[in-house]
J.: 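One structure, as structure tokens, below. Some questions next.
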Amino acid sequence: MRIFAIETSCDETALAIVDCSGTSRTLPKFKIIASEVASQVKVHAPYGGVVPNLAKREHLKNLPVLYKRIFGEKLHEKNLWKTIDAVAVTVGPGLEPALWTGIVWAKQTARKWKKSLAGANHLEGHLYSFLLPEKTKRARPKNIFPAIGLIVSGGHTILLSLSSLLKRKKLGETRDDAVGEAFDKVARLLRLPYPGGPEIQKLAAQGKRDAIPFPRPMIDDKNCDFSFSGLKTSVLYYVRDHPKANLADVAASFEEAAVAVLVKKTMRAAETHKAKSIVLSGGVAANKHLREMLASEAKTRSIAFFVPDFEYNTDNAVMITVGAYVAHLRKKKYPLVANGNMNIPN
Ligand code: KG4
Ligand code: ZN
């Protein structure tokens, strides 16, 4: 099944065409035919975060540009459409004005080319992206289930147990800020540009992780919930009270605290659920320290660790074809209506 997908939930406009095959038993296979992402980082950077109406305007501007890059001139466009079986578009979660832009554009496009259109869940896209082929030619994941899934993005921090591709249960999530949001807010405190995650990572590489004992909220609680707003506030007070603080040490100690909580709670969930693997996803999955710590903790327990290639951690449309295909295997349909607060149903 060849799927054309549209992603406009936040500040990346993205289109992709992916060949999806396989069943839940054999595990789906994906072959990426085309993938285009236009980042709006520069537009939102002066505001220190994403401005919904600016995002909408940029999506409207970028969609035809990316479309032209993939579909080219009229003859190529027509021939390529002949090979496409279905269209999928992100319907949530995200910024509603941004989501609507993608949905309306997808409806027009699908109608014009007489294709079926399915709504896709952005979080399912992140979660199942570990199934994408790796450039490093790692063997296809097997012995995955039962697995523990950790989704870490700018809007979410969620732990799930996956007993198969079809069955999953949310174990817990953040009670306040998402971990990516904490990275972005701490970056702003340290006067680093938006988005803050990669900037914190860069600065942290020059600092000492044990320099400042920032709190590790909820690390010893037996539940699978998280809280990151107190950690961010501790950084705020520390910087305010230590005007001469070494900012690389602040970044490194903050990153250490955030990653320690994520790793400890994920490993505890893995033990409780006798997981054979950990699957990591979302923009913060691009964080090297988090990847390394999860990989090494998993290794000492003989658990597999799967994470998509770096380019598929932050938002893209390839992951939307993955989410849409898995939803199709799960026989789950999402209405074509923007749902900003959509979660990941069991
Ligand atoms: O998944 P994503 O692209 O968008 C959402 O669905 O939210 O995630 C974006 C988030 C931002 O908060 C960004 O700062 C964070 O991912 N991020 C990182 C890194 N790269 C992106 N956080 C920590 N380390 C990174 N290397
Ligand atoms: Zn995302």
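As the structure lists them, so they are numbered: ligands from 1, and atoms in each ligand from 1.
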J.: Who's the nearest protein heavy-atom neighbour of atom 9 (C) of ligand 1, and how far?
T.: Gly154 N, 3.8 Å

J.: Quick one: angle His126 NE2 - the Zn ion (ligand 2) - His122 NE2, to the nearest 10°?
T.: 100°

J.: Please find the N/O/S atom of Asp315 nearest to the Zn ion (ligand 2) and write down its name.
T.: OD1

J.: Which heavy atom of the protein is the closest neighbour of atom 3 (O) of ligand 1, given with residue, atom name and distance?
T.: Asp315 N, 3.0 Å

J.: Looking at Tyr312, is its backbone amide N or carbonyl O close enough to the side chain of Asp309 to form a donor-acceptor pair, meaning the two atoms are under 3.5 Å apart?
T.: no

J.: Does a sphere of radius 6.0 Å around CZ in Arg191 hold more than 12 heavy atoms from other residues, nucleotides or ligands, not counting ones at 6.0 Å or beyond?
T.: no

J.: For the residue pair His126 and His122, does the interplanar ring angle fall in the parallel (under 30°), tilted (30 to 60°) or perpendicular (over 60°) class?
T.: perpendicular

J.: Between Glu181 and Lys232 (salt bridge meaning N to carboxylate O under 4.0 Å), is one present in this structure?
T.: no

J.: Which atoms of ligand 1 are found less than 4.0 Å from any heavy atom of Gly180?
T.: 12 (O)

J.: Dump the intermediate steps for side-chain hydrogen bond (donor to acceptor under 3.5 Å, both in side chains) on Lys170 and Asn343, then the final yes or no.
T.: CA-CA 10 Å; Lys170 188 163 86 182; Asn343 211 299; 3.2 Å; yes

J.: Just jot down the ligand 1 atoms closer than 4.0 angstrom to any heavy atom of Gly155, in number order.
T.: 7 (O)

J.: Can you label the angle between the Tyr325 ring and the His328 ring as parallel, tilted or perpendicular, going by 30° and 60°?
T.: tilted

J.: Just need the protein heavy atom nearest to atom 15 (C) of ligand 1, so name the residue and atom and give the distance.
T.: Val284 CG2, 3.9 Å

J.: Using only atom types and a distance under 3.5 Å, with no angle test, would you say the side chain of Ser153 pairs donor to acceptor with the backbone of Gly282?
T.: no

J.: Counting non-hydrogen protein atoms only, what is the nearest one to atom 14 (O) of ligand 1? Give residue, atom name and distance.
T.: Asp184 OD1, 2.7 Å

J.: Would the Phe228 and Phe183 ring centres measure less than 6.0 Å apart?
T.: no

J.: Which of the numbered atoms in ligand 1 are below 4.0 angstrom from a heavy atom of Gly283?
T.: 1 (O), 2 (P), 8 (O), 16 (O), 17 (N), 18 (C), 19 (C), 20 (N), 21 (C)

J.: Does some non-hydrogen atom of Pro198 fall short of 4.0 Å from ligand 1?
T.: yes

J.: So which protein heavy atom does atom 24 (N) of ligand 1 come closest to, and at what separation?
T.: Asn287 ND2, 3.0 Å

J.: Test your reading of the model: is there a side-chain donor-acceptor pair from Arg268 to the backbone of Ile219, 3.5 Å cut-off?
T.: yes

J.: Just to confirm my output: which protein heavy-atom neighbour is closest to atom 22 (N) of ligand 1, and how far is it?
T.: Gly197 CA, 3.3 Å

J.: Please list, in number order, the atoms of ligand 1 under 4.0 Å from a heavy atom of Ala286.
T.: 20 (N), 26 (N)

J.: Minimum distance, heavy atoms only, to atom 26 (N) of ligand 1: which one of His122, Gln201, His126, His156 is it?
T.: Gln201

